[in-house]
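Inspection log for the structure reproduced underneath, given as structure tokens.
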Amino acid sequence: MPEHALPIAAEAHASEGIAEKLQRGQLFSPDCPSRAVLQHVTSRWGVLVLVALLAGTHRFSDLRRKVGGVSEKMLAQTLHWLESDGFVLRVSHPVVPPHVEYSLTPMGTEVARQVEGLVDWIEGNLHRIMDKHRADATGAIAAAPPADLAAGWVFSAAL
């Protein structure tokens, strides 16, 4: 085997896209560690925290205000997950009251940019998504028999 065969194979493997990796089945394996990372990054709060931190360093209370609707517990848990994955840097300043700041690591910036692309797509296509929801709701209402007709059927069936 030529000496260059392994590095070229490794380069080809490293440059594979998600489609190729999915075909190999690793992401579908229940034991694949990427599932936990995917959960952390793509959870509702993970996405919002990553995108919020693209704007720069934030204190916990600033993040909580910026990410409307997140509880203190969920924000703390999300930040802990993202920190343990190497995406968020937590800096605690030794002052009273405690002063803790959160920012993205270089790897965190990379993943946040990827997630930002998804968020931008959703925001740009939200009208289409909402139109589909409205159409589905209207179709469900149209497919249901009127209340008095349904009640009449039950009444006549009971005779």
Side-chain angles (χ1 to χ4, degrees), residues 4 6-144:
H4 70 280
L6 288 177
I8 290 174
E11 284 176 17
H13 184 70
S15 67
E16 280 184 334
I18 189 71
E20 292 85 3
K21 289 178 182 176
L22 286 172
Q23 287 177 348
R24 287 200 322 263
Q26 292 176 351
L27 293 175
F28 290 119
S29 170
D31 299 324
C32 186
S34 66
R35 286 187 175 195
V37 177
L38 281 168
Q39 173 61 35
H40 302 160
V41 169
T42 62
S43 70
R44 174 183 8 175
W45 306 123
V47 167
L48 295 174
V49 165
L50 287 168
V51 172
L53 287 174
L54 277 170
T57 301
H58 286 69
R59 292 183 68 177
F60 186 89
S61 57
D62 296 334
L63 273 174
R64 183 137 186 250
R65 276 191 295 279
K66 192 166 191 173
V67 180
V70 67
S71 70
E72 196 170 311
K73 177 184 175 186
M74 281 309 302
L75 180 56
Q77 188 174 42
T78 300
L79 286 165
H80 176 74
W81 286 335
L82 295 172
E83 182 185 6
S84 70
D85 291 334
F87 301 136
V88 168
L89 177 65
R90 179 184 186 272
V91 176
S92 180
H93 300 280
V95 295
V96 177
H99 181 95
V100 180
E101 295 177 330
Y102 298 91
S103 60
L104 293 172
T105 64
M107 188 167 56
T109 300
E110 287 179 45
V111 75
R113 293 272 180 234
Q114 297 295 321
V115 170
E116 183 183 40
L118 176 61
V119 169
D120 287 345
W121 185 91
I122 291 170
E123 288 290 319
N125 289 280
L126 191 58
H127 66 282
R128 293 170 47 202
I129 297 165
M130 298 310 295
D131 287 348
K132 172 70 169 114
H133 287 203
R134 281 190 288 279
D136 288 351
T138 303
I141 291 169

- [ ] For His93, check side chain to side chain donor-acceptor pair (under 3.5 Å) against everything at least two apart and list the hits.
- [x] Glu101
TODO: Quick one: pull up CG in Leu82 and CD in Gln77 and give me the separation to the nearest 0.5 Å.
DONE: 10.5 Å
Open item on the list: A side-chain contact here means heavy atoms from C-beta on lying under 4.5 Å apart; do Val47 and Val41 qualify?
Closed with: no
Sequence neighbours left out, cut at 3.5 Å: what donor-acceptor pairs do the side chains of residues 49-65 make with other protein atoms?
| residue | atom | partner | partner atom | Å |
| --- | --- | --- | --- | --- |
| His58 | ND1 | Gly56 | O | 2.7 |
| Arg59 | NE | His99 | ND1 | 3.3 |
| Arg59 | NH1 | His99 | ND1 | 3.2 |
| Arg59 | NH2 | His99 | ND1 | 3.4 |
| Asp62 | OD1 | Arg65 | NH2 | 2.7 |
| Arg64 | NE | Val70 | O | 3.1 |

- [ ] Taking all non-hydrogen atoms of both residues into account, name the closest pair between Ser43 and Gly46 and its distance.
- [x] OG-N, 2.9 Å
TODO: Assess whether atom CZ of Arg128 is packed by more than 12 heavy atoms of other residues, nucleotides or ligands within 6.0 Å.
DONE: no
Task: Interatomic spacing from NE2 in His80 to CG in Asp85 - rounded to 0.5 Å - done: 9.5 Å
Task: Euclidean distance, Asp131 CG relative to His127 NE2, rounded to 0.5 Å - done: 7.0 Å
Task: Close side-chain approach of Ser103 to Arg90, heavy-atom, < 4.5 Å - done: no
- [ ] Begin with the C-alpha distance, continue with both residues' side-chain angles, and end with the deciding distance and a verdict on side-chain contact (heavy atoms from CB on, under 4.5 Å) for Thr105 and Val88.
- [x] CA-CA 5 Å; Thr105 64; Val88 168; 5.9 Å; no
Task: Contacts of Trp81 that satisfy ring-ring contact (aromatic ring centres under 6.0 Å, His included) - sequence neighbours left out - done: His40
TODO: Report the distance from atom OG1 of Thr138 to atom NE2 of His133, rounding to the nearest 0.5 Å.
DONE: 12.5 Å
- [ ] Supply the atom-to-atom distance Leu79 CG to Phe87 CZ, rounded to the nearest 0.5 angstrom.
- [x] 13.5 Å
TODO: Could you please spell out the steps behind the side-chain contact (heavy atoms from CB on, under 4.5 Å) verdict for Val67 and Trp45?
DONE: CA-CA 8 Å; Val67 180; Trp45 306 123; 3.7 Å; yes
Task: Interatomic distance, Arg113 atom CZ to Leu104 atom CG [nearest 0.5 angstrom] - done: 8.5 Å
